[in-house]
Amino acid sequence: MTRVSNVLGIENKKPSIEEILEAGTFLVSGEIGPPKGPDIEEMIHHVDLLKDIVHAMNITDNQSSVMRYPSLATALIILEHGGEPNLQVTCRDRNRMAIESDLLFAYTRGVRSVLCLTGDSVPVGDHKESKSVFDLESVQLLNLIRTMEEGNDLGGNEMNGPVKFYPGAIVTPEADPLEPQLLKFEKKVEAGARWFQTQAIYDMDHFAKFMKTAREYPVKLQAGLVLLVSAGMAKYMNKNVPGVFVPDDLIDEMASAEKGKALDTGIKIMARQIKRIREENLADGVHIMAIGKEEVVPRILEEAELNITKL
Amino acid sequence: MIITKQKPFEVVLEELTGAKSVFLVGCGDCATLCETGGEDQVKEIAEKLESEGKKVAGSVVLEVGCHELDAKKEFRGHKDELAEADAILVMSCGAGTQAVRAVSDKPVFPSNDTLFLGNILRYGHYEEKCRLCGDCILDATGAICPVTRCHKGILNGPCGGTDNGKCEVDPDKDCGWTLIYQQLEKEGRVGEMKEYRPPKNWNTVLKPGRFVIPSRQKGGDEGE
Ligand code: SF4
Ligand code: SF4
């Protein structure tokens, strides 16, 4: 599925997320958080750093309701630099019309996978007085993609051709209560989600249990991993980030790191998690979120002995 | 009922900068229950205005602040006071303020901020449970509204932000979808949560809404 990816006619020859997962290859993805402002030099550096050591890069869409450089533009930059983008689309800032036109644009520029999210709520971010849209939500967004793949839009009109994407979604294995979350997972599958990334997981035994249920569905699933940089961060997430739970032993391990070595411990923990996921075949891939510490992703992969050219 | 909150008095005073003499209008219904436009509050604000050197030309507490015909009738009885006033301060909701707007040519100002359509939990405690969407789906959600009680108005189940049954935006608020799930579970209807809910029609009523009950539609203006 090679397609012209931008006006300059650069072709994206990287395998798509669909091709990797359907071939049964362990999918390794990273994440690019666009910057706040027009200086995109550092972001481009991160793209160059990651593009050949991960299969694909998620691009967050005004993550945590904080205004940033657009995800769609970042997807194009990734393509121009020879990487494979996974476009995150949220429903917070755009109504159905705006999302549809963005998807048309993404499709014609070579974006092949779209991760469908409802999006964080406005008040958690940095534009607290902004009007939130939520004309659609994740399940409806997945259905929208299906509609557009049939050549139609949500207004009930026929477009001059269909689009084609590999739609993905997220699931939160640590949600409390879990049952309604699982119902929603099922709805996302039915609405057309072909693969899932999880919210950050740390409790591997719990994750293994969750996967037993998830494996009953005809979808692929990547474990979401967030790099710990300090014990304080772990405690903060436990307290403030819904659906994230860092077990005490990991907090202790982070706390007992020598001064200045917490990051090393975080890297060690993530490498260990990746190894276990692969050894026990717990998931179909990992999604590495090194929020602000993209520089160490090569080290994480090295310590995890995970080289995508050798998979 | 419509929930209102009083603006700070300084703000009200600022609104009335150009007025030497003010006529006050309260509301005997919602604004009375919210303590923002009942007899007591009208009296209180009259005293405050007077202590700031304003003249209070007169006042009336309408039975229902948003009833334009009633307002018109009541105003006839306060003709002279209204004539004397430079401005009317309405202690009601935004609808009540505009009811006064519709029946008077004087400058009209609000003393309240209008918050939401609220249920009375107990005296003085109100909670929003309906957003007036025009296409009620409570039949499918255990009579708990996802449009209103889920912060994001999600129609197909909880987001990942649910924490211990609370909503990600405010740990003091229940997650609407957890409530719906628990209710449907009690009723043995959890399976219904799996049904896909398509995007909502947000234009069932074109803004601004206007509606005439069927019995009044034919034969025109029969009543008045
Ligand atoms: S679905 Fe909710 S917002 Fe719409 S009418 Fe019913 S209760 Fe009100
Ligand atoms: S936590 Fe619950 S109520 Fe809050 S936005 Fe998510 S689903 Fe809606």
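In this text the structure is predicted, and so the values were computed from the model without any measurement. The chains referred to below are lettered A, B, ... by the order of the sequence lines, with proteins before strands, and numbering in each begins at 1.
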Residue part contacting chain B, namely of [X], when any heavy atom lies under 4.5 Å:
X	result
A/Pro123	side chain
A/Val124	side chain
A/Thr118	side chain
A/Leu154	side chain
A/Gln140	both
A/Arg96	side chain

May I ask you to check whether [X] and [Y] show a side-chain donor-acceptor distance below 3.5 Å?
X	Y	result
A/Ser65	A/Asp120	no
B/Tyr123	B/Glu35	yes
A/Ser121	B/Glu168	yes
B/Asn201	B/Asp135	no

A/Arg146 atom CZ, neighbour heavy-atom count above 12 within 6.0 Å =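 More than 12 within 6.0 Å, yes.
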
task = Answer yes or no: is there a donor N or O on one side and an acceptor on the other, between the side chain of A/Lys187 and the main chain of B/Glu195, under 3.5 Å?
result =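 Yes, because the side chain of A/Lys187 sits within donor-acceptor range (under 3.5 Å) of the backbone of B/Glu195.
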
ask   = Hey, does the side chain of B/Asn156 reach the backbone of A/Ser138 with a donor-acceptor pair shorter than 3.5 angstrom?
value =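 Flag not set: sc B/Asn156 to bb A/Ser138 has no pair under 3.5 Å.
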
task = Show the numbers, then the answer: is there a salt bridge (Lys or Arg N to Asp or Glu O under 4.0 Å) between A/Arg215 and A/Asp284?
result = CA-CA 10 Å; A/Arg215 290 271 196 222; A/Asp284 304 303; 3.1 Å; yes

Interchain contact, [X] with chain A, by part (heavy-atom threshold 4.5 Å):
X	answer
B/Pro158	both
B/Tyr181	side chain
B/Lys200	backbone
B/Thr178	side chain
B/Ile180	neither

query = B/Val190, B/Asn164, B/Leu184: which one forms the most heavy-atom pairs within less than 4.5 Å of chain A?
reply =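 Counting heavy-atom pairs under 4.5 Å, the top option is B/Asn164.
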
inquiry  = Please rank B/Asp170, B/Asp163, B/Val169 by heavy-atom pairs under 4.5 Å with chain A and give me the top one.
reply    =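 Most heavy-atom pairs under 4.5 Å with chain A: B/Asp163.
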
query = What about the rings of A/Tyr217 and A/Phe185, do their centers lie closer together than 6.0 Å?
reply =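 Under 6.0 Å, so yes.
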
